[in-house]
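Only heavy atoms go into these numbers, but all of them, side chains included; no hydrogens, no water, no symmetry mates. The chains referred to below are lettered A, B, ... by the order of the sequence lines, with proteins before strands, and numbering in each begins at 1. Just so we're clear, the structure is a prediction, and the values are computed from it rather than from any experiment.
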Amino acid sequence: MPDRGDFDRGGVTAAGTVRVRFAPSPTGYFHVGGARTALHNWLFARRAGGQFILRIEDTDRERSHPDWTEGILSALEWLGINWDEGPYLQSERRGLYEDAARRLYESGHAYACDCTRAAVDERTRANKTPGYDGCCRERGLTPGPGRVLRFRVPDEGVTLVRDIVRGNVEFANSTIEDFVLVKSNGDPLFVLAVVVDDMAMEITHVIRAEEHLPTTPKAVMVWQALGGAPLPVFAHLPVLVNERRQKLSKRRDRVAVEDYRDQGYLPEAMRNYLALLGWGPPDQREFLTVEEMIGEFRLEDVNVSPAFFDEKRLAHFNGVYIRALGVEDFVGRVRRFLADTTVPWPADSYDEGQVVRLAPLIQERVATLGEVVGYLEFLFDEPFVVDPPSFDKVVRRDGGAKGILEEAGELFGKDPWTAEALRISLTTIAGHAERKLSKAQAPVRVATMGSSVGLPLFESLEVLGRERTLSRIDGALAELLAPQATDR
RNA sequence: GGCCCCAUCGUCUAGUGGCCUAGGACACCACCCUCUCAAGGUGGAGACACGGGUUCGAAUCCCGUUGGGGCUGCCA
């Protein structure tokens, strides 16, 4: 456990307001780690009655794209994370950074450097000292095309980072190289733009992932060199890792919020799970409403060690949330999964009224909305198909199956069409066949629902209807009598 | 390599010197419930990385080791 330090946690604007920002870079799908960071910022702001600002860090023109910004915005909305200001685009604030760069140069805090990448690398190898060697420090070059602007890092002393999550972290200035503020093409770099914007936007708390901790002393130095505004308080959240305990990566891991949404994760389940990555309420409750999260979120309670993004646990949360849904709500949310173009059945066979009737039974069986499709195929698939291995095992190779199906066809033809009447009939049939109801329902289930696992049989048949049920039983019987050689 | 962060069941965590024969949850196993599968219920297995200190007493404090991670870019 780190020493959280004894510094004041003020970090407020002149007006006494807390102001935080979420500053993603639009270089790909919206990462669950980013979502967690956004959530924690948002919860902190809401609890403090402050402002949550959205800023898009698109200073890297090569990698940023407006489409990704759109994705981030819609994913945040999906999660219920609203912003009070922004989105500000750094690409539209270039003048501010150029102005700050000029001031830094004029005050002597920064200098121009025309060393090429290759030259720096070569000297680094030769000197065996990592990073830039300060070669151009005293050359008095004027800034311009082809020259980067570097920050003049003091050779001695330490830079202190005040961090609510980790306590005070000290960096020896001698271990920090003269870093680049402005590219040789004139584009500002992250460390400059972030500081300029955080100052301009009067950010009081910088809450972001731990991977930013090593660059924080640089930001602090720039901030102080620019002068004026008080430093913000930092809070570095633990990184999210995969099962191999490596930082979640877009290439290796399933990290896109959009993917989870498309699979049928509920935004409130995702939000609840994400909030608990690195944080928890004092009483260890796991299921919290947004209001409860806002009421209890404290940066002081955020953990320091990396958090594993556990899809199984997420699925558990999602299942709990799905089961808690009212039928109407559930059906409304699952609609887009049942009526879109990827569905296995013809569009006109979908009947929402039937879904409503089976909804409670489905809700307690699925962990994601996407799974609902599989439970309804027996109802909507056209033509209806039986899973061959199941048919083979439970119907063909079961000597009693034929008799059970024949009697079911007979009795089901007379019953009032209710789940209860069907159950009573099959219980009678089971008695005649001298087997348990569970063994008697198996061939009927496969014949009518196509699979040996699925929704409860009788309720399903009630919705399927007498006509289709009987014709499927007949179909199974016919299949049973057909020459086996043809299906082998 | 250098700098920085971290270290309780497989996982998320509770624990801030005695309440800890270390608690909860996910996953796992068994049993119960049961028309299949789930859901639910009950029970089980399962952790303080290691070594030194400090202290009457350490999972909790200090040091070291080991291990893991992050950063080390004219990305963010």
B/rC75 and B/rU11, which share atom name C1', separated by this distance in whole Å: 32 Å
No-H, no-angle donor-acceptor pair, A/Arg365 side chain to B/rC37 base, under 3.5 Å: yes
ring-ring contact (aromatic ring centres under 6.0 Å, His included) partners of residues 141-161 of chain A, not counting sequence neighbours, each pair once: A/Phe151-A/Phe179
Base B/rG40 paired with A/Glu364 side chain (donor-acceptor, <3.5 Å): no
A/Trp68 side chain to A/Ser25 backbone, donor-acceptor under 3.5 Å: no
For B/rC74, the Watson-Crick or wobble counterpart (both distances under 3.5 Å): none
Nearest listed nucleotide, side chain of A/Lys183, among B/rA76, B/rU13, B/rC75: B/rC75
Residue A/Thr175, side-chain atoms from C-beta onward, closest of B/rC3, B/rC12, B/rC35: B/rC3
Selection from B/rG70, B/rC26, B/rA76 that lies nearest to any side-chain heavy atom of A/Phe190: B/rA76
Pairwise distance SG(A/Cys115) to CZ(A/Arg147) - rounded to 0.5 angstrom: 11.0 Å
Pairwise C1' distance for B/rC19 and B/rA14, with rounding to whole Å: 14 Å
Side-chain N or O of A/Asn303 closer than 4.0 Å to phosphate OP1/OP2 of B/rA14: yes
Residue whose closest nucleotide on RNA chain B lies nearer the 5' end, A/His316 versus A/Phe309: A/Phe309
Pairwise P distance, B/rG1 and B/rG18 [rounded to whole Å]: 39 Å
Complementary nucleotide of B/rC28, counting Watson-Crick and G-U pairs under 3.5 Å: B/rG44
Sequence neighbours excluded - side chain to side chain donor-acceptor pair (under 3.5 Å) pairs with any residue from residues 363-376 of chain A: A/Thr368-A/Glu371
Euclidean distance for C1', B/rA59 against B/rA38 (whole angstrom): 39 Å
Nearest-nucleotide pick for A/Ser305, side chain only, options being B/rC6, B/rA76, B/rA25: B/rC6
Residues forming a side chain to side chain donor-acceptor pair (under 3.5 Å) with A/Ser184, sequence neighbours excluded: none
Check: A/Val327 and A/Pro360 side chains under 4.5 Å, non-hydrogen atoms: yes
For nucleotides 64-69 of chain B, print each protein N/O atom paired with a nucleotide N/O atom at under 3.5 Å, atom names and distance only.
none

base_contact_polar (B/rC35 base, A/Glu459 side chain, donor-acceptor, <3.5 Å): yes
Among B/rC37, B/rC4, B/rC75, the nucleotide that comes nearest once only the side chain of A/Leu189 is considered: B/rC75
B/rU8 and B/rC71, which share atom name C1', separated by this distance in whole Å: 27 Å
Derivation and outcome, side-chain contact (heavy atoms from CB on, under 4.5 Å), residues A/Glu296 and A/Asp301: CA-CA 10 Å; A/Glu296 311 208 31; A/Asp301 294 334; over 6 Å; no
Sugar-phosphate only, base, or nothing, as touched by A/Leu457 at under 4.0 Å among non-hydrogen atoms: base
Under-3.5 Å donor-acceptor pair between A/Ser184 side chain and B/rC74 base: yes
Side chain to side chain donor-acceptor pair (under 3.5 Å): pairs with one or both residues in residues 27-36 of chain A, sequence neighbours excluded: none
Nucleic acid footprint by protein, nucleotides 29-34 of chain B - heavy-atom cut-off 4.0 Å, B for base, S for sugar-phosphate alone: ------
Whole-angstrom distance between B/rU66 and B/rG73, as gauged at atom P: 26 Å
Which residue lies more 5' along RNA chain B, comparing A/Glu211 with A/Thr27 via nearest heavy atoms: A/Glu211
Six-ring centre of A/Tyr132, A/Arg150 cation under 6.0 angstrom, axis tolerance 45°: yes
Side-chain-base donor-acceptor pair under 3.5 Å for A/Arg117 and B/rC74: no
Cation-pi check, A/Arg472 onto A/Phe384 ring (under 6.0 Å, within 45° of axis): yes
Spacing between A/Arg150 atom CZ and B/rG73 atom P, to the nearest angstrom: 10 Å
Options B/rC26, B/rA76, B/rC6, nucleotide nearest the side-chain atoms of A/Arg313: B/rC26
Euclidean distance for P, B/rG67 against B/rG53 (whole angstrom): 23 Å
Watson-Crick or G-U wobble partner of B/rA38, both distances under 3.5 Å: none
Whole-angstrom distance between B/rG44 and B/rG51, as gauged at atom P: 30 Å
Cation-pi geometry met for A/Arg254 and A/Tyr260 (6.0 Å, 45°): yes
